[in-house]
Number of protein chains: 2
Amino acid sequence: MASNLLAKNKHTILYAVALALLLLLLKWLELKLIIVDNAYEIYMGAIAVFFTVLGIWLALKLTKPKTVVVEKQVYVNNGPEFIINQTEVEKLGLSKRELDVLQLMAEGLSNQEISERLFVSLNTIKTHSAKVFEKMEVKRRTQAVEMGKRLSIIP
Amino acid sequence: MASNLLAKNKHTILYAVALALLLLLLKWLELKLIIVDNAYEIYMGAIAVFFTVLGIWLALKLTKPKTVVVEKQVYVNNGPEFIINQTEVEKLGLSKRELDVLQLMAEGLSNQEISERLFVSLNTIKTHSAKVFEKMEVKRRTQAVEMGKRLSIIP
DNA sequence: TTCGGGCTCATACTTTAGGGTGATTTTTAA
DNA sequence: TTAAAAATCACCCTAAAGTATGAGCCCGAA
């Protein structure tokens, strides 16, 4: 308990002791220098500078480093993981391949890229996508993706 | 240039001026108090304390806060109500109009339809979308939409 | 075994999207 | 007030997307 208090106020105590010693030093210096009248201003200035530096040192020692916490936002997939709405898929009559194409569309891939990903020709993807649009009753892939997300057909 | 320098060293200059003024004050006090011999120690102590406080104040003012980057995980599209991530929008440098276009893109509208919705020409939408793709570093509207949703820029 | 659905691919064509450049006007910030 | 950014529009050209149609292959169900 007592030692804890001592430890906590260590800096303050040290400073108090240092201050006391310094006042003694000043008193001693005073005796030496008081005679030299023209050195008085220098003496005063020295004290001012010394205590300023002391104050700065004290502040730096005693204050916890100022920290500004910058939050860097990291986007992660949200907790409830995606469960495909099989009912909607069946209702629309989408085949497995058509669903594959729709999923890759949603990832922003072009028809060319989808065809490479699935190892089929570009024309095949065009056929699939056309069927997807037909079955979902949309005109464009962006609409298909939008609707697919709404219906939980794709994540 | 000159004003910049002044601004940068504002604290230092202020301190210098304050110090000068204080030395003047001390000089004046000296004339008053030097006669009262027994007040001398108090005078010295006051100076010491004052400059210590000044130093502390200075240190607190001048220390730059240390920045700590903390990664904060943000789970996107959790709740039903959408809150636009303004930070990401600013980070990407998207303007209001570009955001409008992106939003309508996400709804599955064609450029033609977007232009009609916003009462501008098709070419204008093309320009906006091109800027959106450039700023988001994507190649297609589907990618822009996908990224926009991930970053909570669009619902 | 036939028949339909799913998957594949092709050709031809139209529409939409996107890239590049340049210009004018309006708005905003310094 | 001046400079920068935003918004508007145009023209030209290429790439990608989408439409329409036809056709061959495979597999499982009737």
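Values below: every heavy atom of this structure, side chains too, minus hydrogens, waters and symmetry copies. Letters A, B, ... are given to chains in the order of the sequence lines, protein chains preceding strands, and every chain is numbered from 1.
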Separation of [N] [atom2] from [X] [atom1] (nearest whole Å):
| X | N | atom1 | atom2 | answer |
| --- | --- | --- | --- | --- |
| A:M105 | D:dA17 | CE | C1' | 9 Å |
| B:E90 | D:dA6 | CD | P | 12 Å |
| B:I125 | C:dA17 | CD1 | C1' | 13 Å |
| B:K131 | C:dT21 | NZ | P | 13 Å |

Subject >> Salt-bridge present (A:K96, A:D100; N to O < 4.0 Å) >> reply: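 Salt bridge present between A:K96 and A:D100.
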Subject >> Contacting residues from residues 93-102 of chain A, given that a heavy atom lies under 4.0 angstrom of DNA chain D >> reply: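 Heavy-atom cutoff 4.0 Å gives no residues at all.
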Original post:
With sequence neighbours excluded, what pairs up with A:E137 under the side chain to side chain contact (heavy atoms under 4.5 Å, CB included) test?
Top reply: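 Partners of A:E137 under the side chain to side chain contact (heavy atoms under 4.5 Å, CB included) test: none.
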Original post:
Which residues satisfy the side chain to side chain contact (heavy atoms under 4.5 Å, CB included) test with A:S110, sequence neighbours excluded?
Top reply: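 With sequence neighbours excluded, A:S110 shows a side chain to side chain contact (heavy atoms under 4.5 Å, CB included) to A:Q112, A:E113, B:R140, given in chain and number order.
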Between N or O atoms, less than 3.5 Å apart, protein on one side and nucleotides 22-25 of chain C on the other: list the pairs.
none

Original post:
Looking only at side chains, do A:T127 and A:T124 share a donor and an acceptor under 3.5 Å apart?
Top reply: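 No.
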Subject >> Distance below 4.0 Å between B:H128 side-chain N/O and D:dT8 OP1 or OP2 >> reply: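 Yes.
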Original post:
Between B:R141 and C:dG18, is there a side-chain N or O to OP1/OP2 distance below 4.0 Å?
Top reply: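 Indeed, a polar side-chain atom of B:R141 lies that close.
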Original post:
Hey, can you pull the residues of residues 146-155 of chain A with a non-hydrogen atom under 4.0 angstrom from DNA chain C?
Top reply: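 Heavy-atom contacts with DNA chain C come from no residue of residues 146-155 of chain A; none.
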Original post:
Can you list, by residue number, the residues of residues 109-124 of chain A that have a non-hydrogen atom closer than 4.0 angstrom to DNA chain C?
Top reply: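 Result for residues 109-124 of chain A: A:V120, A:S121, A:N123, A:T124, sorted by number.
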Original post:
Does NZ in B:K131 sit with more than 12 non-hydrogen atoms of other residues, nucleotides or ligands closer than 6.0 Å?
Top reply: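 Counting other residues, nucleotides and ligands, NZ of B:K131 stays at 12 neighbours or fewer.
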Original post:
Are the side chains of B:V101 and B:E98 in touch, meaning some heavy atoms are under 4.5 Å apart?
Top reply: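 No; the side chains remain at least 4.5 Å from each other.
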Original post:
So do B:N111 and B:I125 actually touch side chain to side chain, heavy atoms under 4.5 Å?
Top reply: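 In contact.
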